[in-house]
Amino acid sequence: MAQVLAMDALAARFDEANHMGDYAGALESLAYSWAYLTPTHGGEVRALLDSLPPETWTTHPWFIAAYGSTFRSIDSPGPIAGLPYFDAAESAHTPHTPAAIRVGVALHHSAALRSIGRFRDAIDVARTALTLSREDGTLQLEWRISFDAKLCLQLGIAHYHLGEFDTALAHLQLAAGLAEKALFPSERLECFAALAMLAYSMGDFGLASAHAQRAAEQASGTPLLESCFGAGALIPELLIAVEQNRLDDARALIPVVTRASHSSDWQPLGCYAIAAVSIISEEYVDGLDALRDCLQAYRGWPEPGAIVTMSEGLRATLLMRLGETDSAWDILDSLAPTEHHANCPARFIAHLRFVTGDSRGALDALRECESLGDTHSSRTLVDVQLIKAAANLDFDNLGGSDVAFDRALSLAARNDMRIPFRLVPADVMSTLIERAEKRTQSVKVAEMLAHVTGSGPKVDDAPQLTDRERDIIRLAARDLAVTQIADELFISTNTVKSHLRSVYRKLGVNSRREAKKRARELGLHVGPTFK
């Protein structure tokens with residue numbers, strides 16, 4: 001395989017070609033380099049092609065596709081301008097066009113379609129290309145494996161947006177497994193970013209943070225993280241900050257998410273995440289304004305997918321906070337849950353029924369959630385269990401109420417979630433907590449109760465550890481070696497050591513034992529005490 005050239009080397013080759021008339025040599029260099037370069041140098045690659053006589057490349061599908069791909073770049077206004085070039089590239093195929101070029105053109109065409117919300121079209125194009133790649137006997141094994149990874153990446157992200165999470169996970173896991181050998185850095189970034197978003201949706205915040213960290217490592221030294229390629233890693237970071245009631249962190253991420261998601265398939269989710277900040281800032285009207293931006297971002301998409309349930313569910317929540325109960329009902333009645341109830345309108349319907357005095361209706365609304373069992377997203381299951389606890393308490397079913405509340409506490413403690421406890425009216429919550437405090441609870445649940453009641457130390461008053469530093473100290477508290485921590489979080493041992501030094505400095509300690517003790521004193525949820 002020919003060598004991939006850096007941008008300056010490729011530009012020099014084109015300067016020489018234009019001077020000497022060796023256009024074939026310049027195009028050969030571009031053929032192996034453009035897919036690597038266009039994410040960060042789209043405008044420059046486009047300028048190189050524009051510098052050549054049109055007849056040298058405008059009938060070749062691979063170079064037409066290269067031109068189209070330059071519009072899906074951090075220095076381009078948006079991917080939609082590339083679509084006519086992909087249509088032209090597909091039309092330029094002949095019976096003699098090699099399978100590798102056919103598959104490659106389709107791969108980048110799929111990415112462009114996905115970037116403007118045409119998810120089903122993107123899936124159809126990618127599936128056709130994947131079939132050709134796997135069945136064509138002329139493709140070398142190295143090319144076939146690479147295409148498998150790249151096409152599965154496109155399929156995984158498209159299926160995620162449509163709310164088809166199991167299918168998305170299968171494709172993304174395959175792409176991630178082949179990432180080091182088969183994907184370019186921008187593609188590896190997209191892959192781990194999408195896995196971070198998927199893990200958040202299913203309620204595993206620790207895994208979401210680990211994937212987001214691995215995504216950030218792929219973007220090291222480049223501006224790719226704060227672009228469409230990294231948006232999927234930044235949006236869950238913002239949403240987790242909201243779930244954990246970290247308002248300052250959430251506000252700091254708003255401009256970052258705005259930049260990264262702009263003019264991409266991630267923009268509606270970015271607007272949704274920004275709107276969600278209003279839940280903890282209590283600026284509900286501003287949240288509704290942000291949701292209008294979300295609607296505008298996916299307006300015109302043939303099949304918006306999961307973002308509709310997410311954004312409209314949040315709209316109903318904000319309207320409830322503003323006392324517009326009837327409007328909230330109208331919205332919730334029309335929404336269907338996504339797969340595994342990762343977005344679960346039933347929990348809001350149940351809440352509305354409970355606060356209007358219909359506890360039986362609240363429990364009835366949760367029956368489908370109950371039928372899912374452990375396959376229900378744990379993120380939204382916290383709300384389900386809280387409403388179930390409150391409704392059973394109203395019926396004097398104290399055993400059922402206690403079990404449901406303990407489940408809610410356990411699920412919330414796993415991800416350090418604070419926001420769900422605002423769902424239940426204060427007087428009911430007070431009774432639920434009073435009963436829970438009389439029962440034997442795990443250390444993590446006891447810590448969660450302390451924070452819910454306000455009786456424990458406040459994290460906001462403590463030294464501000466980052467999410468990654470909190471992960472490090474939790475694992476260190478389990479007596480894991482540095483290498484084990486690195487493996488658990490998919491980071492290097494040097495990165496672990498650097499984070500440990502930062503934790504020690506912030507907490508004013510000199511050892512793991514001291515760090516664990518000090519973190520517990522400050523309510524930082526690092527696990528059971530040392531013996």
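What you see is a predicted model; the values in this text were computed from it and never measured.
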Item to complete: Verify the distance criterion only: is there a donor paired with an acceptor across the side chains of Y160 and S201 at less than 3.5 Å?
Response: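 On atom types as modelled, these side chains qualify, holding a pair under 3.5 Å.
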Worksheet item: Hey, are S29 and R13 close enough side-chain-wise for a donor-acceptor pair under 3.5 Å?
Response: yes
Which pair of non-hydrogen atoms, one from [X] and one from [Y], has the smallest distance, and what is that distance?
X    : Y    : value
G203 : N415 : O-ND2, 2.7 Å
G156 : L172 : CA-CG, 3.9 Å
R251 : S281 : NH2-CB, 3.7 Å
A175 : A149 : CB-O, 3.5 Å
S264 : C228 : CB-CB, 3.6 Å

How long is the span from the [atom1] atom in [X] to the [atom2] atom in [Y], to the nearest 0.5 Å?
X    : Y    : atom1 : atom2 : answer
R127 : R120 : CZ    : CZ    : 7.5 Å
H159 : L198 : NE2   : CG    : 12.5 Å
L381 : R347 : CG    : CZ    : 10.5 Å
L234 : E226 : CG    : CD    : 6.5 Å
F229 : L189 : CZ    : CG    : 8.5 Å
E44  : T38  : CD    : OG1   : 11.5 Å

Item to complete: Kindly indicate, with the supporting measurements, whether the criterion side-chain contact (heavy atoms from CB on, under 4.5 Å) is fulfilled by M197 and W266.
Response: CA-CA 10 Å; M197 194 69 240; W266 295 105; 3.9 Å; yes
Worksheet item: Does F71 have R46 sitting over its ring (NZ/CZ under 6.0 Å from centre, angle to axis within 45°)?
Response: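 So R46 does make the cation-pi contact.
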Ring geometry between [Y] and [X] (parallel below 30°, tilted from 30 to 60°, perpendicular above 60°):
X    : Y    : answer
H161 : F119 : parallel
Y36  : F184 : perpendicular
W62  : W34  : tilted

Item to complete: Indicate yes or no: at least one non-hydrogen side-chain atom of D75 is less than 4.5 angstrom from one of T70.
Response: no
Item to complete: Could you check V45 against L30 for side-chain contact (heavy atoms from CB on, under 4.5 Å), going step by step and ending with a plain yes or no?
Response: CA-CA 9 Å; V45 171; L30 179 65; 4.1 Å; yes
Fill in: Electrostatic pair R214:E217 at N-O distance under 4.0 angstrom
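Here R214 does not pair with E217 in a salt bridge, since their nearest N and O are not under 4.0 Å apart.
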Discussion item. Walk me through whether E447 and K444 qualify under salt bridge (Lys or Arg N to Asp or Glu O under 4.0 Å).
Written reply: CA-CA 5 Å; E447 290 173 345; K444 288 185 71 173; over 6 Å; no
Practice prompt. Return each pair, listed once, that meets salt bridge (Lys or Arg N to Asp or Glu O under 4.0 Å) where at least one residue sits in residues 168-185; pairs must be two or more places apart or across chains.
Written response: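 For residues 168-185, and leaving out neighbouring residues, there are no salt bridge (Lys or Arg N to Asp or Glu O under 4.0 Å) pairs at all.
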